[in-house]
There are 2 protein chains.
Amino acid sequence: MTSTERSATPPRKTRQRAEIRSAVEALDGFATSQDIHDRMRHDGSAVGLATVYRTLAAMATAGELDAIRTPDGQVAYRTCSPGHHHHLVCRTCGRTEEITLPGLEAMVRTIASDHGFGELDHELEFFGICGSCSRP
Amino acid sequence: MTSTERSATPPRKTRQRAEIRSAVEALDGFATSQDIHDRMRHDGSAVGLATVYRTLAAMATAGELDAIRTPDGQVAYRTCSPGHHHHLVCRTCGRTEEITLPGLEAMVRTIASDHGFGELDHELEFFGICGSCSRP
DNA sequence: TTCTAAATGAGAATGATTCCCATGACGTCC
DNA sequence: GGACGTCATGGGAATCATTCTCATTTAGAA
Ligand SMILES: [Mn+2]
Ligand SMILES: [Mn+2]
Ligand SMILES: [Zn+2]
Ligand SMILES: [Zn+2]
């Protein structure tokens, strides 16, 4: 489910795309398109907001970034390791840890087929308070 | 974490609140505030959109309804059984099945404390295609 | 270099949700 | 029952993340 997407034409290499990529890679946790746009601005990089939105969405679709939806509804991106995994996100500082739940995936398939559901997809993110934020 | 919330004053009983409650209870799957407002309209019930938004959000906060965020970002509500559980939602027709993942909760606590995270909360929803929708 | 399709960006548009605030209606205490 | 303070309502404006429009630029192939 991650290797069958063949985009006819790879995206063109532009200054904007390169700058967006390095901005995203410089992050620790998740950040929204606007966060990234602001950060780039602050660092002297001039890229249109619409381009940041478009590019991040495209990179996520291509599997180069992970996208989550924050509790208040915004979409946030982060570079991530290949392969399926989930995240443990600090509600306070945004620090993110990648986690895998070996047992979960099988569990999911079983339950889904028990209910006759197919083409299953799941969205699982954990939100908590990280160590540094709970005891400063 | 579900029994300690004591609201000082229970909400007043109004025609609007009663009508919204029955509209929600008549649903099979999840529906957004606008969906419910439309349905009520269609059924001859006149309630302001803002009131539907406020009331559903309040009922969800009070634990009377479950709220999820659909893949396209909207908030949807549904009456639900008491106790912690998750949902299996059909991407096509919206039909929803409640599921429990007995092993997951313990798994979550373990992993969270391994990473030093506390006050953990998790949001897990499954989206798939139900039996009726995949082979009609 | 030439040419064309893709990418960019500034601003307008969209759309879900929330805010504002004047008006109406619970619930309580006479 | 009636008076009253408070909460609830609703219509429309406001918000705000995201998407769209479209004129202009540019990557990349030939
Ligand atoms: Mn990741
Ligand atoms: Mn439920
Ligand atoms: Zn933290
Ligand atoms: Zn279905």
*Asks:* Between B:S33 and B:Q16, just flag the one whose closest nucleotide in DNA chain C comes earlier from the 5' side.
*Replies:* B:S33
*Asks:* Evaluate side chain to side chain contact (heavy atoms under 4.5 Å, CB included) for A:R78 paired with A:E98, printing each intermediate quantity in order.
*Replies:* CA-CA 11 Å; A:R78 178 177 189 260; A:E98 297 193 339; 3.3 Å; yes
*Asks:* For B:R17 and D:dA8, give me the distance from atom CZ to atom P, rounded to whole Å.
*Replies:* 7 Å
*Asks:* For the side chain of B:D35 and the backbone of B:T32, is there at least one donor-acceptor N/O pair under 3.5 Å apart?
*Replies:* yes
*Asks:* Is there a path of hydrophobic side-chain contacts, each under 4.5 Å between heavy atoms of I/L/V/M/F/W/Y residues, joining A:M107 to B:L88?
*Replies:* yes
*Asks:* Do you know which of A:R21, A:R17, A:R15 makes salt bridge (charged side-chain N to carboxylate O under 4.0 Å, His left out) with A:E19?
*Replies:* A:R15
*Asks:* Grab the CD1-C1' distance between A:I68 and D:dA17 for me, whole Å please.
*Replies:* 16 Å
*Asks:* In Å, rounded to the nearest 0.5 Å, how long is the span from CD1 of B:I68 to OG1 of B:T96?
*Replies:* 6.5 Å
*Asks:* Would you say A:Y53 and A:L56 are hydrophobically clustered, going by side-chain heavy atoms of ILVMFWY under 4.5 Å?
*Replies:* no
*Asks:* At their closest point, which heavy atom of B:I20 faces which heavy atom of B:V52, and how far apart are they?
*Replies:* CD1-CA, 3.8 Å
*Asks:* Taking the axis from the first five pairs and the axis from the last five, what angle separates them in the helix from C:dT1-D:dA30 to C:dC30-D:dG1, rounded to 10 degrees?
*Replies:* 30°
*Asks:* For the hydrophobic clusters of this structure (ILVMFWY residues joined by side-chain heavy atoms under 4.5 Å, transitively), does one cluster hold both B:L27 and B:V47?
*Replies:* yes
*Asks:* For the residue pair A:D72 / A:T70, report whether a side-chain donor-acceptor contact shorter than 3.5 Å exists.
*Replies:* yes
*Asks:* Could you tell me the separation between the CD atom of A:Q74 and the C1' atom of C:dA16, rounded to a whole number of Å?
*Replies:* 13 Å
*Asks:* Distance from A:D66 atom CG to A:H86 atom NE2, nearest 0.5 Å?
*Replies:* 10.0 Å
*Asks:* Measure CZ/A:R21 against P/C:dA7 and give the value in whole Å, please.
*Replies:* 13 Å
*Asks:* Count I, L, V, M, F, W, Y as connected when their side-chain heavy atoms are under 4.5 Å apart, and connections chain through other members. Are A:V24 and A:V75 then in the same cluster?
*Replies:* yes
*Asks:* Rounded to the nearest angstrom, tell me the gap between atom CD1 in A:I20 and atom P in C:dG9.
*Replies:* 8 Å
*Asks:* What residues in residues 34-47 of chain A put a non-hydrogen atom under 4.0 Å from any atom of DNA chain D?
*Replies:* A:Q34
*Asks:* Between protein and nucleotides 19-30 of chain D, map the contacts as a letter string: B base, S sugar-phosphate only, - none, heavy atoms under 4.0 Å, written 5' to 3'.
*Replies:* BBB----BBS--
